[in-house]
Amino acid sequence: MLVGMQPHQDGPLARLRRGHEDLVLDLLRKHGPLSRAELGQHSGLSRTTLSDIVTELIESGAVVATAPGTAPRRRGRPVEALTLNPSAGQAIGIDFARRAVHISAVNVAHEVIGSASEPHDPGLPWEERIALAERLVGTLAEGALRLGALNAIGVGVVGPVEGPDSGPEQPCPSTELPALLRKRFEAPVLVDNNTRLAALAEATWGAAAGGQDVLYLRLSHGVGGGLVVAGALHRGAYGLSGEFGHIAVESGDGRCSCGATGCLETVASVGAVLAAYRRAGGHADGLAALLGALEAGDPVALRTLEAAGTHIGTVLAAVCNAVGPGVIVLGGELAAAGPPLFEPVERALRAHIMPISRDRVDLRPATLGEAGGALGGIALVLRESPLLNHYPAPPG
């Protein structure tokens with residue numbers, strides 16, 4: 001039952017109405033602001049039923065209507081957007097990357113309150129990482145973000161995660177991290193792989209915003225990704241979905257971190273590309289130097305990125321043929337190479353994807369950067385937790 005509304009009688013019609021209310025709240029939680037027409041399309045409710053439900057939700061304070069846009073309309077009433085009440089709750093996203101903690105905060109109306117990051121030594125104990133996260137949270141909204149008002153925390157971690165209530169296999173025990181975070185923040189905790197969460201974030205706020213079927217590939221010190229299928233994050237049976245870096249592309253001796261040889265990660269990670277550049281006679285002590293060589297038109301650097309991009313595009317085509325995404329998002333530090341990487345990726349993708357799909361898949365650069373994993377944690381909370389079953393929360 002919605003707080004602030006009169007109790008319904010417990011009959012079939014009352015249960016049906018509560019179901020309609022939950023449906024509307026769930027759609028606004030997942031998609032953010034929607035017009036009445038968009039709500040009608042997503043919900044399948046009749047115009048009369050939807051109008052009654054929306055009116056009651058607005059009167060209860062659960063939903064607010066924003067002012068119509070200023071653009072002139074030919075006929076009918078001006079279009080207003082409906083959204084969950086921004087003041088009724090907040091969600092925090094934390095990305096525990098290998099060498100940094102990234103934080104973002106969003107209210108339930110999908111408005112980003114702020115983001116913050118801080119690097120750390122890779123061996124930093126988990127208690128200290130969590131303390132760092134709490135300190136960063138305190139810097140958001142000029143310190144006005146009240147931890148007691150948090151609806152939930154979505155957390156990204158490195159490594160396989162089997163479900164939203166489990167933790168990472170490495171380096172923190174699966175039951176330890178959520179318990180530590182719940183103790184520190186006094187809020188429910190949902191955990192998933194941080195790269196997979198970045199895919200969800202790009203589909204929610206980033207390069208593929210609004211996309212229902214999105215393939216995300218992150219090219220960093222490791223190579224991984226994520227799939228958003230029919231608007232939902234796909235985890236796989238054992239939390240292993242999105243391990244695109246371990247698809248074999250070569251029969252050589254390149255040993256991967258997973259123990260196999262010839263994985264995409266052995267030719268397309270930052271370290272692998274730097275090593276290939278040096279073997280070919282290039283000189284670069286890090287990624288910044290390689291990017292500088294590309295900008296200067298160094299032919300060795302360009303050939304190195306051509307080779308890596310070809311492998312990447314071939315793998316993306318294979319995944320596309322299997323799952324059929326509408327958008328591919330390429331992110332991670334290596335994506336900063338720009339056209340010298342994206343162009344060979346595009347060529348290989350077009351060469352190997354099914355002909356019918358060649359003009360139906362868009363390749364786009366990621367837009368959220370380091371905040372992607374943390375924002376994905378928030379998207380996980382907004383899309384999947386049952387936190388709005390009694391929305392809005394009672395005073396106090």
* Is the closest side-chain heavy-atom distance between Leu82 and Arg36 below 4.5 Å? -> yes
* To do: Assess whether atom CZ of Arg358 is packed by more than 12 heavy atoms of other residues, nucleotides or ligands within 6.0 Å.
  => yes
* Leu217 CG to Phe244 CZ distance, which is reported to the nearest 0.5 Å -> 7.0 Å
* Kindly indicate, with the supporting measurements, whether the criterion side-chain contact (heavy atoms from CB on, under 4.5 Å) is fulfilled by Val270 and Leu219. => CA-CA 7 Å; Val270 170; Leu219 304 167; over 6 Å; no
* Asked: Does Cys263 reach the side chain of His246, with side-chain heavy atoms less than 4.5 Å apart?
  -> yes
* To do: Taking the side chain as every heavy atom from C-beta outward, state whether Ile378 and Ile92 have any pair of such atoms under 4.5 Å apart.
  => no
* Structure fact -> So CD1 of Ile103 and CD of Glu370: to nearest 0.5 Å the spacing works out to 13.0 Å
* **Expected output: side-chain Ser46 to main-chain Thr49 donor-acceptor under 3.5 Å** => yes
* Structure fact -> Shortest non-hydrogen pair, Leu334 vs Ala268, comes out as CD2-O, 3.3 Å
* Can any side-chain N or O of Arg278 pair as donor or acceptor with the backbone N or O of His283 at less than 3.5 Å? -> no
* Which of parallel (below 30°), tilted (30 to 60°) and perpendicular (above 60°) describes His42 and His31? -> parallel
* Specify the closest pair of heavy atoms between Leu287 and Leu274, including all atoms of both residues, with the distance to one decimal. => N-CD1, 3.9 Å
* Asked: Counting only N and O atoms by type, is there a donor-acceptor contact under 3.5 Å from the side chain of Thr139 to the main-chain atoms of Leu136?
  -> yes
* Considering residues, nucleotides and ligands other than Glu118, do more than 12 of their heavy atoms fall under 6.0 Å from its CD? -> yes
* **Any donor-acceptor pair under 3.5 Å from Glu128 side chain to Pro125 backbone** => no
* **Among Leu177, Leu181, Leu180, the one residue meeting side chain to side chain contact (heavy atoms under 4.5 Å, CB included) with Val189** => Leu181
* Asked: Are the side chain of Arg255 and the backbone of Gly259 linked by a donor-acceptor contact shorter than 3.5 Å?
  -> yes
* Any sub-3.5 Å donor-acceptor pair from Arg129's side-chain atoms to Phe96's backbone N or O? -> no
* Asked: Which value, rounded to the nearest 0.5 Å, describes the distance between Leu233 atom CG and Ser241 atom OG?
  -> 7.5 Å
* Where Leu330 and Ala335 come nearest, the two heavy atoms and their spacing -> O-CB, 3.9 Å
* Asked: So, His221 and Ser269: side-chain donor and acceptor under 3.5 Å apart, yes or no?
  -> no
* Check step by step if salt bridge (Lys or Arg N to Asp or Glu O under 4.0 Å) holds for Glu186 and Arg182. => CA-CA 5 Å; Glu186 298 182 348; Arg182 282 194 294 268; over 6 Å; no
* Would you say the side chain of Asp213 lies within less than 4.5 Å of the side chain of Val228, judging by non-hydrogen atoms? -> no
* To do: Please examine the side chains of Leu380 and Val155, heavy atoms only from C-beta on, and report whether any two atoms are closer than 4.5 Å.
  => no
* Asked: At their closest point, which heavy atom of Glu202 faces which heavy atom of Leu368, and how far apart are they?
  -> OE2-N, 3.2 Å
* Structure fact -> Looking only at heavy atoms, the pair that brings Gly332 and Tyr216 closest together is N-OH, 4.3 Å
* Hey, does Thr266 have a side-chain heavy atom less than 4.5 Å from the side chain of Thr261? -> no
* Structure fact -> In short, Ala209 meets Thr204 closest at the heavy-atom pair CB-O, 3.8 Å
* Under 6.0 Å from the CG atom of Asp121, do we count more than 12 heavy atoms belonging to anything else shown? -> yes
* Asked: Under 3.5 Å, is there a donor-acceptor pair linking the side chains of Ser257 and Glu265?
  -> yes
* Asked: Under 3.5 Å, is there a donor-acceptor pair between the side chain of Thr304 and the main chain of Val300?
  -> yes
* Asked: If you group Ile, Leu, Val, Met, Phe, Trp and Tyr by side-chain heavy-atom gaps below 4.5 Å, do Val64 and Val54 land in one group?
  -> no
* Structure fact -> Separation between CG (Leu349) and CZ (Phe342), nearest 0.5 Å, reads 12.0 Å
* Check whether any side-chain N or O of Thr310 sits under 3.5 Å from a backbone N or O of Pro344 as a donor-acceptor pair, and report yes or no. => no
* Is there a chain of hydrophobic side chains (I, L, V, M, F, W, Y, each step under 4.5 Å between heavy atoms) that links Ile94 to Leu124? -> no
* Asked: Any donor-acceptor pair under 3.5 Å linking the side chain of Ser220 with the backbone of Gly222?
  -> no
* Is any side-chain heavy atom of Leu294 less than 4.5 Å from a side-chain heavy atom of Leu341? -> no
* List the steps and the verdict of salt bridge (Lys or Arg N to Asp or Glu O under 4.0 Å) for Glu127 and Arg184. => CA-CA 10 Å; Glu127 284 281 6; Arg184 184 65 65 104; 3.7 Å; yes
* Step-by-step side-chain contact (heavy atoms from CB on, under 4.5 Å) determination, Val249 to Val315 -> CA-CA 8 Å; Val249 295; Val315 167; 3.2 Å; yes
* From CG (Leu23) to OG (Ser43), nearest 0.5 Å -> 5.5 Å
* Check step by step if side-chain contact (heavy atoms from CB on, under 4.5 Å) holds for Val327 and Val361. => CA-CA 5 Å; Val327 180; Val361 180; over 6 Å; no
* ILVMFWY clustering at 4.5 Å (side-chain atoms), partners of Ile356 -> Met354
* Can Ile247 and Val319 be said to form a side-chain contact (heavy atoms from CB on, under 4.5 Å), step by step? -> CA-CA 10 Å; Ile247 296 176; Val319 179; 3.9 Å; yes
* To do: Go through the steps to decide whether Arg347 and Glu306 satisfy the test salt bridge (Lys or Arg N to Asp or Glu O under 4.0 Å), and finish with yes or no.
  => CA-CA 10 Å; Arg347 285 193 294 270; Glu306 174 79 26; 2.7 Å; yes
* To do: Taking Arg218 for its side chain and Val223 for its backbone only, find out whether a donor-acceptor pair lies under 3.5 Å.
  => no
* Do the non-hydrogen side-chain atoms of Trp205 and Leu200 ever get within less than 4.5 Å of each other? -> no
* Distance, nearest 0.5 Å, that separates CD1 of Ile328 from CG of Leu316 -> 5.0 Å
